[in-house]
Amino acid sequence: QAQLVEYGGGLAQAGGSLRLSCSPPRYSLSNWVMGWFRQVPGNERTFVGAIDRSGGATIFADSVKGRFTISRDNPMNTAYLQLSNLRVEDTARYFCAGSDKSTDAQWLATDWNSRASYDYWGQGTQVTVSP
């Protein structure tokens, strides 16, 4: 059973924008590192980006750097992925993930590109970008 729920997927045109949201229905994400991954059928799930528990630090895959941003609203118990300047190759199912390894030292020491670094997952939301 998914511990996180994603919202906001859909269809966009190349060059357009979408915002995805992610919330845990039964938990508080305020002490979690939050990550985003994406997956195309037949391919592995790949890292998009992550944000530390305070929202003060983010990291991104090179393929989305400068186009995507991640933010969080801890009182609202929600994390966000803003997708801008979309490309057809951004078409994928997008998953959010949470990790308990959220101290400052763990933020610096953990490989956030790895799915194994995350403890909680959503079921994903589809993003389709048309030419």
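Numbers for residues simply follow the sequence, beginning at 1.
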For the CG atom of Asn77 and the CG atom of Leu29, what is their distance to the nearest 0.5 Å? 4.0 Å
State yes or no: are the ring centers of Phe47 and Phe60 separated by less than 6.0 Å? no
For Leu86 and Leu18, work out which heavy atoms get closest and say how close. CD1-N, 4.1 Å
Could you state the interatomic distance from CG (Asp73) to OG (Ser21), rounded to the nearest 0.5 Å? 10.0 Å
Going through the checks in order, is the ring-ring contact (aromatic ring centres under 6.0 Å, His included) test met by Trp36 and Phe68? CA-CA 11 Å; Trp36 289 90; Phe68 292 6; 10.0 Å; no
Arg72 side chain to Asn74 side chain, donor-acceptor N/O pair below 3.5 angstrom: yes
When clusters are formed by joining ILVMFWY residues with side-chain heavy atoms under 4.5 Å apart, either directly or through shared neighbours, do Trp112 and Trp121 land in the same one? yes
Exceeds 12 heavy-atom contacts within 6.0 angstrom, atom CD of Gln13: no
Cut-off 3.5 Å, side chains only: do Arg19 and Tyr80 have a donor facing an acceptor? no
For Asp52 against Val33, the heavy-atom pair lying closest together: CA-CG2, 4.3 Å
Looking only at non-hydrogen atoms, find the nearest pair between Asp119 and Gln3 and report the distance. O-NE2, 4.3 Å
Is Arg45 close enough and on-axis enough to Phe95, meaning under 6.0 Å and within 45°, for cation-pi? yes
Do the charged groups of Asp62 and Lys65 touch, with an N to O distance under 4.0 Å? yes
Would the distance check show the side chain of Arg93 and the main-chain N or O of Gln123 forming a donor-acceptor pair, the cut-off being under 3.5 Å? yes
The test is side chain to side chain contact (heavy atoms under 4.5 Å, CB included); show your working for Tyr94 and Leu81 and say whether it passes. CA-CA 10 Å; Tyr94 284 73; Leu81 177 66; 3.8 Å; yes
Within the side chain of Trp107, is there an N or O that forms a donor-acceptor pair under 3.5 Å with the backbone of Ile51? no
Say whether, by atom type as modelled, one donor and one acceptor occur between the side chain of Ser54 and the main chain of Gly56 under 3.5 angstrom. yes
Group every Ile, Leu, Val, Met, Phe, Trp and Tyr by side-chain heavy-atom contacts under 4.5 Å, then state whether Phe37 and Leu83 land in the same group. no
As an exercise, state the distance from NZ of Lys101 to CZ of Arg53, rounded to the nearest 0.5 Å. 13.5 Å
Of all residues at least two apart in sequence or in a different chain, which pass the side chain to side chain donor-acceptor pair (under 3.5 Å) check with Ser102? none
Nearest atoms (heavy-atom pairs only) where Glu6 meets Gly122: OE2-CA, 3.2 Å
Quick one: does Ser130's side chain get under 4.5 Å of Val88's, heavy atoms only? no
Heavy atoms only: give me the nearest Thr78-Ser23 pair and the separation to one decimal. OG1-OG, 3.0 Å
Please find the pair of heavy atoms, one from Asn85 and one from Arg67, that lie closest to each other, and give the distance. O-NH1, 3.0 Å
How far apart are the C-alpha atoms of Leu20 and Val127, what are their side-chain angles, what is the distance that settles it, and do they pass the side chain to side chain contact (heavy atoms under 4.5 Å, CB included) test? CA-CA 9 Å; Leu20 308 184; Val127 170; 4.0 Å; yes
Ignoring hydrogens and angles, state whether a donor on the side chain of Ser117 or Ser99 is under 3.5 Å from an acceptor on the partner side chain. no
Is there side-chain contact between Tyr118 and Met34, with heavy atoms separated by less than 4.5 Å? no
Rounding to 0.5 Å, atoms CZ (Arg26) and CG (Leu4) come to a distance of 9.5 Å
Hey, is CD on Glu89 packed in by over 12 heavy atoms from elsewhere, all under 6.0 Å? yes
Thr91 side chain to Thr128 backbone, donor-acceptor under 3.5 Å: no
Does the side chain of Tyr120 come under 3.5 Å of the side chain of Asp100 through a donor N or O and an acceptor N or O? yes
Do Ser63 and Arg38 have side chains that approach each other closer than 4.5 Å (heavy atoms only, starting at C-beta)? yes
Heavy-atom donor-acceptor pair, Asn43 side chain to Val40 backbone, under 3.5 Å: no
Using side-chain heavy atoms (C-beta onward) and a distance below 4.5 Å, is Gln82 in contact with Ser71? no
